[in-house]
K.L.:
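Supplied in structure tokens, the structure appears directly below.
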Amino acid sequence: MRWYSKLAAAGLAALLQACATAPAVAPVPAVQAEVRAPITILISIDGFRADYLNRGVTPVLSRLAAEGASGTMRPSFPSKTFPNHWTIVTGLRPDRHGITANKIEDPDKPDKPFNMENDDPKWWNTAEPIWVAAEKANIRTATMFWPGSNVAFGGHRTGNWSEVEGGARPRDWQQFNMAISGEQRVNGALDWARRPAAIRPRFMTLYFDTIDSAGHDFGPDDPRTTAALGDVDRLIGMLVDGLAAMDQPANLVIVADHGMAGTSPERTILVGSFLPAGSYHVVETGPYASFAVIPGHEAELEKALLGRHDHFECWRKAEIPARFHYGTNPRIPPYFCLADIGWLLAEKPPKPTDDRGNHGYDNMAPEMAALFIAHGPAFIPAKLPAFDNVDVYPLLRDLLDLPPVDGLDGSDAVFMSTLHYDRGVAKR
Ligand code: AMP
Ligand code: ZN
Ligand code: ZN
């Protein structure tokens with residue numbers, strides 16, 4: 001017998017002896033289950049119009065709304081994706097936070113406009129997003145997409161390419177990519193929640209684009225848009241079940257950036273049909289149009305443009321009605337026309353294959369109203385009165401136990417009926 005076989009035999013004999021004298025049930029050392037501190041997840045379902053919740057195809061969201069706080073949320077003007085996502089995470093309206101549109105021209109660099117791919121901090125640096133405020137307070141953050149979350153906030157470009165000096169991003173962030181499926185996005189967030197406490201984010205974002213895309217392609221009333229609602233509802237269910245399976249309490253703040261209105265090639269007005277050629281330069285068209293003037297043509301342009309027209313109205317930027325809170329930011333072009341709901345201003349003649357839905361209209365229009373649901377240990381069930389999306393940022397600060405700040409465009413007052421007294425906040 002080799003030495004290790006002898007050793008094994010001796011060991012086996014000793015073990016059998018020990019078993020014979022041991023009590024029937026050996027004490028198992030207790031494994032202390034972790035009591036997880038609540039996390040906050042801000043979820044954007046792009047283009048989820050408030051009344052989509054009544055279609056009977058969103059059982060998960062409807063349950064969360066019934067058990068938590070829910071209400072109709074008014075977007076800020078203009079009811080576009082980037083301006084409103086930045087409002088939700090900064091508490092300022094677009095006129096003040098500087099992301100005034102999905103497309104912005106820099107008069108000094110007309111060849112380098114801001115668009116939805118632009119991550120040059122100079123466009124974003126006016127207002128600090130919630131993840132930067134949280135990281136400063138040692139709250140770890142992670143973003144599974146959110147406009148601006150890939151930007152080094154506070155930094156500045158050093159070269160012609162994307163090099164940036166300085167600035168802050170969420171501790172974990174992802175470059176936006178529409179090809180990343182909803183399941184992958186949810187699983188990414190669940191994987192973050194599954195991390196050990198020391199490196200687990202306490203604030204996350206999650207973003208879904210498919211309902212907005214379906215609303216544009218097919219219109220808000222099309223069965224394919226309704227089917228997209230069911231799809232995203234299933235993804236929210238996956239998230240809720242995944243968190244429950246790991247006993248992770250979470251305050252979910254589920255929002256949309258805007259609603260959706262039906263559009264049609266028949267309700268399209270060509271800007272060239274009412275403006276003199278050569279007097280203007282188009283910056284944006286769609287539910288609204290914005291223009292710069294070709295120098296020397298001011299009077300000619302103003303005569304044709306200003307005032308009420310059939311299906312739209314135009315103003316000098318300083319005269320845009322006060323209720324829109326829009327028109328003081330230097331990034332807003334000097335002339336602005338807003339179409340009536342469902343109408344479009346276009347540069348080129350419409351095609352029968354054009355989109356059947358759009359947003360960017362009057363932010364008070366019911367078609368632009370956005371989803372809001374808050375659910376989790378911080379919330380007592382409540383039906384909220386309609387409120388503005390500038391109120392979400394102060395709510396997020398409350399959930400993260402960040403001190404109130406002055407100078408915001410909104411407040412957390414509307415949530416006082418729903419916030420639990422201790423807000424389910426994890427103590428630092
Ligand atoms: P809108 O044109 O206002 O309907 O914008 C919606 C679109 O914005 C989505 O379909 C996405 O393609 C795009 N989008 C959303 N989030 C981001 C992001 N973080 N970076 C770049 N594009 C985005
Ligand atoms: Zn959007
Ligand atoms: Zn959209």
Side-chain angles (χ1 to χ4, degrees), residues 42-50 52 73-90 94 99-104 113-121 123-124 129-131 142-153 162 169-170 172-182 185 188 204-220 222 225 228-229 231-232 254-263 283-290 341-342 344 346 354-361 363 365 367-372 389 392:
L42 173 64
I43 304 170
S44 165
I45 311 180
D46 199 312
F48 194 118
R49 196 166 86 179
Y52 284 172
M73 187 167 77
R74 285 183 293 257
S76 297
F77 190 79
S79 47
K80 287 278 189 188
T81 297
F82 270 52
N84 277 286
H85 276 88
W86 206 234
T87 288
I88 290 165
V89 296
T90 62
I99 304 298
T100 51
N102 281 351
K103 184 183 172 212
I104 310 171
F114 170 86
N115 57 32
M116 295 194 282
E117 272 81 52
N118 198 307
D119 59 1
D120 183 340
W123 295 104
W124 303 86
I130 186 79
W131 50 81
T143 48
M144 183 55 74
F145 308 150
W146 195 275
S149 63
N150 56 334
V151 174
F153 174 79
S162 333
R169 293 185 171 96
D172 293 279
W173 58 278
Q174 300 284 334
Q175 186 64 44
F176 179 67
N177 184 342
M178 271 177 113
I180 306 290
S181 70
R185 299 177 197 192
M204 294 186 210
T205 70
L206 192 50
Y207 170 82
F208 301 102
D209 45 60
T210 48
I211 290 174
D212 179 69
S213 301
H216 283 293
D217 291 350
F218 312 124
D222 191 276
T225 302
L229 303 178
D231 254 15
V232 171
I254 308 174
V255 298
D257 48 350
H258 50 71
M260 187 64 67
T263 55
V283 179
E284 278 191 295
T285 53
Y288 64 81
S290 55
I341 198 93
L344 292 169
D354 279 355
D355 280 357
R356 293 295 158 147
N358 217 331
H359 51 89
Y361 297 103
N363 56 326
E367 293 87 343
M368 294 298 102
L371 174 77
F372 178 87
N389 67 353
V392 174

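All residue numbers in this chain count up from 1 along the given sequence. Every number for a ligand or one of its atoms is a count from 1 in the order of the listing.
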K.L.:
What N/O/S atom of Asp257 is the closest to the Zn ion (ligand 2)?
P.N.:
OD2
K.L.:
Could you state the interatomic distance from CG (Asp231) to CZ (Phe208), rounded to the nearest 0.5 Å?
P.N.:
10.5 Å
K.L.:
Under 2.8 Å from the Zn ion (ligand 3) - does any N, O or S atom of His258 fall there?
P.N.:
no
K.L.:
Which residue in the set Trp146, Trp124, Trp123 passes ring-ring contact (aromatic ring centres under 6.0 Å, His included) when paired with Trp86?
P.N.:
Trp124
K.L.:
Note the single closest protein heavy atom to atom 9 (C) of ligand 1, along with its residue, its atom name and the distance in Å.
P.N.:
Tyr207 OH, 3.6 Å
K.L.:
Can you tell me the protein heavy atom closest to atom 21 (C) of ligand 1 and the distance?
P.N.:
Met116 O, 3.0 Å
K.L.:
As an exercise, identify every atom of ligand 1 less than 4.0 angstrom from a heavy atom of Trp146.
P.N.:
19 (N)
K.L.:
Has Thr100 got a side-chain atom pairing as donor or acceptor with Pro83's backbone, closer than 3.5 angstrom?
P.N.:
no
K.L.:
Only one of Asn363, Asn389, Asp46 clears side-chain hydrogen bond (donor to acceptor under 3.5 Å, both in side chains) with Asn84; which?
P.N.:
Asn389
K.L.:
Just by modelled atom types, is the Ala214 backbone N or O under 3.5 Å from a matching donor or acceptor in the Thr225 side chain?
P.N.:
yes
K.L.:
Of all the non-hydrogen atoms in the protein, which one sits nearest to atom 14 (N) of ligand 1, and at what distance?
P.N.:
Phe176 CE2, 3.6 Å
K.L.:
Take every heavy atom of His359, measure it against each atom of ligand 1, and state whether any distance is under 4.0 Å.
P.N.:
yes
K.L.:
Looking only at protein heavy atoms, which one is nearest to atom 12 (O) of ligand 1, and what is the separation?
P.N.:
Met178 SD, 3.4 Å
K.L.:
At what distance is the nearest protein heavy atom to atom 2 (O) of ligand 1, and which residue and atom is it?
P.N.:
Asn102 ND2, 3.5 Å
K.L.:
Please step through side-chain contact (heavy atoms from CB on, under 4.5 Å) for the pair Val89 and Trp131, ending with a clear verdict.
P.N.:
CA-CA 8 Å; Val89 296; Trp131 50 81; 3.8 Å; yes
K.L.:
Where's the contact between Phe82 and ligand 1, heavy-atom distance under 4.0 Å: side chain, backbone, both or neither?
P.N.:
side chain
K.L.:
Classify the ring geometry of His359 against His258: parallel below 30°, tilted from 30° to 60°, perpendicular beyond 60°.
P.N.:
parallel
K.L.:
Return yes if some donor-acceptor pair links the side-chain N/O of Asn358 with the main-chain N/O of His216 below 3.5 Å, else return no.
P.N.:
no
K.L.:
For the 3.5 Å polar cut-off, considering only N or O atoms, please tell me whether Asp46 and ligand 1 meet it.
P.N.:
no
K.L.:
In this structure, does ligand 1 have an atom that sits under 4.0 Å from one of the heavy atoms of His216?
P.N.:
yes
K.L.:
Test of geometry: compute the angle NE2(His359)-the Zn ion (ligand 3)-OD2(Asp212) and round it to 10°.
P.N.:
150°
K.L.:
Give the numbers and elements of all ligand 1 atoms closer than 4.0 Å to a heavy atom of Asp212.
P.N.:
4 (O), 6 (C)
K.L.:
State, to the nearest 10 degrees, the angle whose vertex is the Zn ion (ligand 2) and whose arms point to OD2 of Asp46 and OG1 of Thr81.
P.N.:
90°
K.L.:
Closer than 4.0 Å to some heavy atom of Pro147 - which atoms of ligand 1 meet that?
P.N.:
16 (N), 19 (N)
K.L.:
Is there any N or O on Asp209 that sits under 3.5 Å from an N or O of ligand 1?
P.N.:
no
K.L.:
Could you check whether the rings of Tyr288 and Phe77 sit parallel, tilted or perpendicular, using 30° and 60° as the cut-offs?
P.N.:
tilted
K.L.:
When you measure from atom 3 (O) of ligand 1 to every protein heavy atom, which one gives the shortest distance, and what is it?
P.N.:
Thr81 OG1, 2.6 Å
K.L.:
Distance check, rounded to the nearest 0.5 Å: Thr210 atom OG1 versus Ile45 atom CD1?
P.N.:
8.5 Å
K.L.:
Please determine whether side-chain contact (heavy atoms from CB on, under 4.5 Å) holds for the pair Phe145 and Arg185, giving the CA-CA distance in whole Å, both sets of side-chain angles, and the decisive distance to 0.1 Å.
P.N.:
CA-CA 9 Å; Phe145 308 150; Arg185 299 177 197 192; 3.4 Å; yes
